[in-house]
Amino acid sequence: MSAVDDLPPLREVIRRHGLSAKKSLGQNFLLDLNLTARIARAAGPLASVDVVEIGPGPGGLTRALLAAGARRVVAVERDDRAIAALGEIAGRYPGRLEIVAGDALDFDPRPLLGSAPARVVANLPYNIATALLVRWLTLEPWPPWYDRLVLMLQREVAERVVAAPGCKSYGRLSVLVGWRCKARIRFDVAGSAFVPPPKVTSSIVDLVPRENPLACARPALERVTEAAFGQRRKMLRQSLKSLGTDPSALLDAARIAPTARPEDVPVEGFVALARAFAARC
Ligand code: SAM
């Protein structure tokens with residue numbers, strides 16, 4: 001029996017189902033149910049919420065989400081070995097855990113969700129974490145089908161997610177996040193909390209979609225940030241040349257100094273640049 005429910009301890013689940021961690025699947029499991037309960041709490045009240053979990057593995061976080069009262073958890077897992085273990089949790093919480101065996105990169109949860117906004121809560125496999133995050137940030141229409149993303153990321157990625165202008169970590173991902181969401185780091189999790197322990201520290205990041213992000217075409221925003229941060233030490237009048245249009249006119253239209261460097265430009269500045277670029281192309 002465990003701290004959150006009457007299911008067996010996770011170490012026993014892992015042993016019974018032969019769930020030895022595979023590096024290729026980014027498997028670093030959380031076995032401390034106090035920690036998984038803390039992550040579930042960081043996701044706020046869950047009683048009327050459908051939660052999407054990516055990579056439940058042996059189900060530590062899944063159990064915490066269900067014990068915290070999530071209306072339903074839709075969990076997508078690529079490792080077939082974990083599916084039977086998750087079935088035991090589904091049996092303990094009838095009708096509240098939907099297990100999808102498959103690749104999160106090919107998975108659209110919308111048909112499985114209720115009409116209210118869902119919430120994504122996940123200890124993400126690190127090899128696909130940024131790809132998933134970018135996908136969730138670039139959904140159309142906006143606001144998206146989720147009201148919050150509560151994600152375990154590598155600390156270094158988390159710092160890029162929340163970075164403000166002037167910070168070393170400020171870059172393309174920070175601009176995309178800042179354009180569409182408000183993001184903050186909730187707490188760090190030491191490598192020693194995972195089995196096996198990764199070499200790096202991780203962080204729980206909380207992203208809440210902005211109702212009305214500044215209007216701009218996403219492809220244009222991605223083009224200008226790619227050009228600007230692709231040569232981040234250069235002044236924008238130089239780096240934006242790669243866009244194939246006159247950088248001075250773009251910078252003038254966006255009211256940004258030609259000598260500015262990308263790390264000095266706030267999200268609003270990149271949005272203005274994207275608008276000016278879209279207008280010329
Ligand atoms: N949630 C569990 C926990 O906290 O202990 C496991 C987290 S582990 C960091 C990442 C999980 O994602 C693993 O269970 C792994 O099998 C799964 N995974 C890896 N790649 C995946 C993919 N493309 N789609 C779905 N699940 C994936």
Side-chain angles (χ1 to χ4, degrees), residues 2-5 7-43 51-68 70 73-90 97-109 112 119-136 149-158 186-205:
S2 76
V4 295
D5 53 38
L7 288 162
L10 286 160
R11 279 186 198 280
E12 188 185 319
V13 173
I14 287 174
R15 187 184 49 73
R16 264 198 294 118
H17 293 274
L19 260 172
S20 53
K22 285 189 185 169
K23 205 172 173 185
S24 60
L25 286 172
Q27 291 184 333
N28 300 100
F29 300 131
L30 290 175
L31 307 189
D32 177 350
L33 292 169
N34 291 316
L35 178 56
T36 53
R38 187 175 177 207
I39 297 169
R41 279 198 303 278
V51 175
V52 174
E53 187 190 1
I54 308 297
L61 182 55
T62 321
R63 285 163 59 169
L65 292 166
L66 288 162
V73 175
V74 175
V76 56
E77 173 56 61
R78 195 172 162 193
D79 187 345
D80 289 337
R81 299 175 307 164
I83 302 299
L86 294 165
E88 291 172 10
I89 305 174
L97 174 57
E98 178 99 28
I99 305 157
V100 179
D103 188 337
L105 291 170
D106 301 329
F107 175 61
D108 180 357
L112 300 174
R119 202 161 294 168
V120 180
V121 186
N123 173 15
L124 291 177
Y126 290 144
N127 42 352
I128 59 167
T130 309
L132 286 170
L133 178 56
V134 168
R135 176 174 302 184
W136 291 323
L149 305 171
V150 178
L151 307 174
M152 178 86 80
L153 299 171
Q154 287 180 319
R155 172 85 203 179
E156 173 269 329
V157 179
R186 296 292 294 272
F187 54 87
D188 287 344
V189 179
S192 56
F194 300 83
V195 175
K199 290 199 181 76
V200 295
T201 298
S202 299
S203 303
I204 290 289
V205 180

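Remember, it's 1-based here, ligands and their atoms both numbered in the order they're listed. Positions are given from 1, in the same order as the sequence printed here.
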Need the ligand 1 atom indices (1-based, order shown) with element for anything under 4.0 Å from a heavy-atom of [X].
{"X": "Asp103", "value": "22 (C), 23 (N), 24 (N)"}
{"X": "Leu30", "value": "3 (C), 4 (O), 5 (O)"}
{"X": "Gly26", "value": "8 (S), 9 (C), 10 (C)"}
{"X": "Gly102", "value": "24 (N), 25 (C)"}
{"X": "Phe29", "value": "5 (O), 6 (C), 14 (O)"}
{"X": "Glu53", "value": "1 (N)"}
{"X": "Asp79", "value": "16 (O)"}
{"X": "Val76", "value": "25 (C), 26 (N)"}

- Task: Say whether Asn123, considering both its backbone and side-chain N or O atoms, lies within less than 3.5 Å of an N or O atom on ligand 1.
- Result: yes
- Check the surroundings of atom CZ in Arg16: do more than 12 heavy atoms from other residues, nucleotides or ligands lie under 6.0 Å from it? yes
[Y] side chain reached by [X] side chain, heavy atoms, under 4.5 Å:
{"X": "Pro196", "Y": "Asn28", "answer": "yes"}
{"X": "Leu25", "Y": "Arg78", "answer": "yes"}
{"X": "Asp5", "Y": "Leu66", "answer": "no"}

Contact summary for [X] and [Y], nearest pair of heavy atoms:
{"X": "Pro58", "Y": "Val13", "answer": "O-CG1, 4.1 Å"}
{"X": "Arg81", "Y": "Gln27", "answer": "NH2-OE1, 3.2 Å"}
{"X": "Ile54", "Y": "Ala104", "answer": "CG2-CB, 3.5 Å"}
{"X": "Leu10", "Y": "Leu30", "answer": "CD1-O, 3.6 Å"}
{"X": "Ser203", "Y": "Arg155", "answer": "OG-CD, 3.1 Å"}

- Query: Using heavy atoms and a threshold below 4.0 Å, how should the contact between Thr62 and ligand 1 be classified: side chain, backbone, both, or neither?
  - Reply: neither
- Task: Could you see which bit of Pro56 sits under 4.0 Å from ligand 1, with heavy atoms only: side chain, backbone, both or neither?
- Result: backbone
- Give the residue and atom name of whichever protein heavy atom lies nearest to atom 1 (N) of ligand 1, and the separation in Å to one decimal. Gly55 O, 2.7 Å
- among protein heavy atoms, the one nearest atom 19 (C) of ligand 1 is Leu25 O, 3.0 Å
- Query: Any idea which of Ala104, Gly57, Pro125, Ala21 brings a heavy atom closest to atom 20 (N) of ligand 1?
  - Reply: Pro125
- Query: Nearest to atom 17 (C) of ligand 1 by heavy atom, Glu77, Arg78, Met152: which?
  - Reply: Glu77
- Item | Matching residue for Val51 among Val74, Leu97, Val73 - test: side-chain contact (heavy atoms from CB on, under 4.5 Å) | Val73
